[in-house]
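A short worksheet on the structure shown next.
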Protein chains: 2
Amino acid sequence: MVALVHPAREQLRIEDVLEALANPIRLRIVHRLAAGEELTCGTTLPEVSKSTASHHWRVLREGGVLFQRRVGRTVLMSLRREDLDARFPGLLASVLAAVDSD
Amino acid sequence: MVALVHPAREQLRIEDVLEALANPIRLRIVHRLAAGEELTCGTTLPEVSKSTASHHWRVLREGGVLFQRRVGRTVLMSLRREDLDARFPGLLASVLAAVDSD
DNA sequence: TCGATAGTTCGAATGTACGTGAACTGTAGC
DNA sequence: GCTACAGTTCACGTACATTCGAACTATCGA
């Protein structure tokens, strides 16, 4: 299987991050990740097809919002909290707080 | 001319704000507004057509990012900094800082 | 080895965002 | 009134986002 490509911290662009976050499904993924849930691709979005889910993870990964790591047959996701905080301090926290309060 | 409709502070939704900000042209508008420039619609985006500019202002206004106020024949724009800070503390600052540093 | 499982990728359909010119509304100034 | 100006709205084309099923790759477990 092909390698999972992640942009380096210095390559993160605010446009890409905003674009990745500006979608209800992806915003929900990020929110659940931030809440500490250990997510695999398959268990996260039962309401959409596998290919649709895969698309959203790609956007989040290529935007630099999350890491994907293969473990056996599954892919584990984790938020790139430190990288995002380093490049865009306060952004993630404010977005998460906003999602929390609605 | 038809009234300029703005969402109330309590109606602001994080999805709409992110959507509005997730565009290079609109991000630049917001950045210039934040820098204190007094912007009218016509002087802000000379590189795109009037109708395109009008489209972007509508997205920003309906997303709750800026106010538009008619003054004679022109429309003056201002950032809804207080409303955004009240609903989504830290969001605007982090986005503006990110745009600054690129 | 063989079947089941976890995801990705491809191709196609649909929808929405973006960009434009033309026609329009309303204001300013003569 | 008339003309110029500032923006909006409309109808349209184009590009991209979203969605899906089907085919594929790779791993796990029996």
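The figures that follow rest on heavy atoms only: side chains count, while hydrogens, waters and symmetry mates do not. In what follows, chains carry the letters A, B, and so on, assigned in the order in which the sequence lines appear, proteins first and then strands, with residues in each chain numbered from 1. Treat the numbers as computed from the prediction; the structure is a model and nothing was measured.
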At under 4.0 Å, does any side-chain N or O of B:R58 touch on OP1 or OP2 of D:dT9?
yes
Phosphate-side-chain proximity, B:S54 and C:dG19, N/O vs OP1/OP2 below 4.0 Å
no
Rounded to whole Å, how long is the line connecting atom CZ of A:R73 with atom C1' of D:dT27?
6 Å
For A:E15 and C:dC18, give me the distance from atom CD to atom P, rounded to whole Å.
14 Å
Assign each of A:V71 and B:L4 the nucleotide of DNA chain D bearing its closest heavy atom; nearer the 5' end lies the nucleotide of B:L4
Taking CG from B:D16 and C1' from C:dT16, how many angstroms apart are they, rounded to a whole number?
15 Å
So which protein N/O to nucleotides 15-19 of chain D N/O distances come out below 3.5 Å?
residue	atom	partner	partner atom	Å
D:dT18	OP1	A:N23	ND2	2.9
D:dT18	OP1	A:R26	NH2	3.4
D:dT18	OP2	A:R26	NH1	3.1
D:dT18	OP2	A:H55	NE2	3.3
D:dT19	OP2	A:H56	NE2	2.4

Can you find a heavy atom in the side chain of A:L84 that is under 4.5 Å from one in the side chain of A:L91?
no
CZ of A:R61 versus C1' of C:dT9: gap in Å, rounded?
12 Å
Pairwise side-chain contact, A:S94 with B:S94, heavy-atom cut-off 4.5 Å (strictly under):
yes
Output the rounded distance in Å from CG (A:L76) to P (D:dT27).
15 Å
Tested for side chain to side chain contact (heavy atoms under 4.5 Å, CB included) against B:I25, the lone hit among B:V30, B:T44, B:L45 is B:L45
Rounded to whole angstroms, how far apart are CG on A:L39 and P on C:dA6?
15 Å
Taking only side-chain nitrogens and oxygens of A:R70, does any of them come within less than 4.0 Å of OP1 or OP2 of C:dT8?
no
Expressed in angstrom and rounded to an integer, what is the separation of A:K50 atom NZ from D:dA22 atom P?
12 Å
Would B:S54 and B:S51 satisfy side chain to side chain donor-acceptor pair (under 3.5 Å), going step by step from the backbone distance to the final call?
CA-CA 5 Å; B:S54 196; B:S51 42; over 6 Å; no
Gap between atoms CG and P, on B:L45 and D:dG7 respectively (whole Å)
11 Å
Side chains of A:P7 and A:R13: closer than 4.5 Å at any heavy-atom pair?
no
Which pairs, with at least one residue in residues 71-82 of chain B and sequence neighbours excluded, count as a side-chain hydrogen bond (donor to acceptor under 3.5 Å, both in side chains)?
B:R80-B:D83
Consider only side-chain N and O atoms of B:T52 and B:S49, and report whether a donor and an acceptor are under 3.5 Å apart.
yes
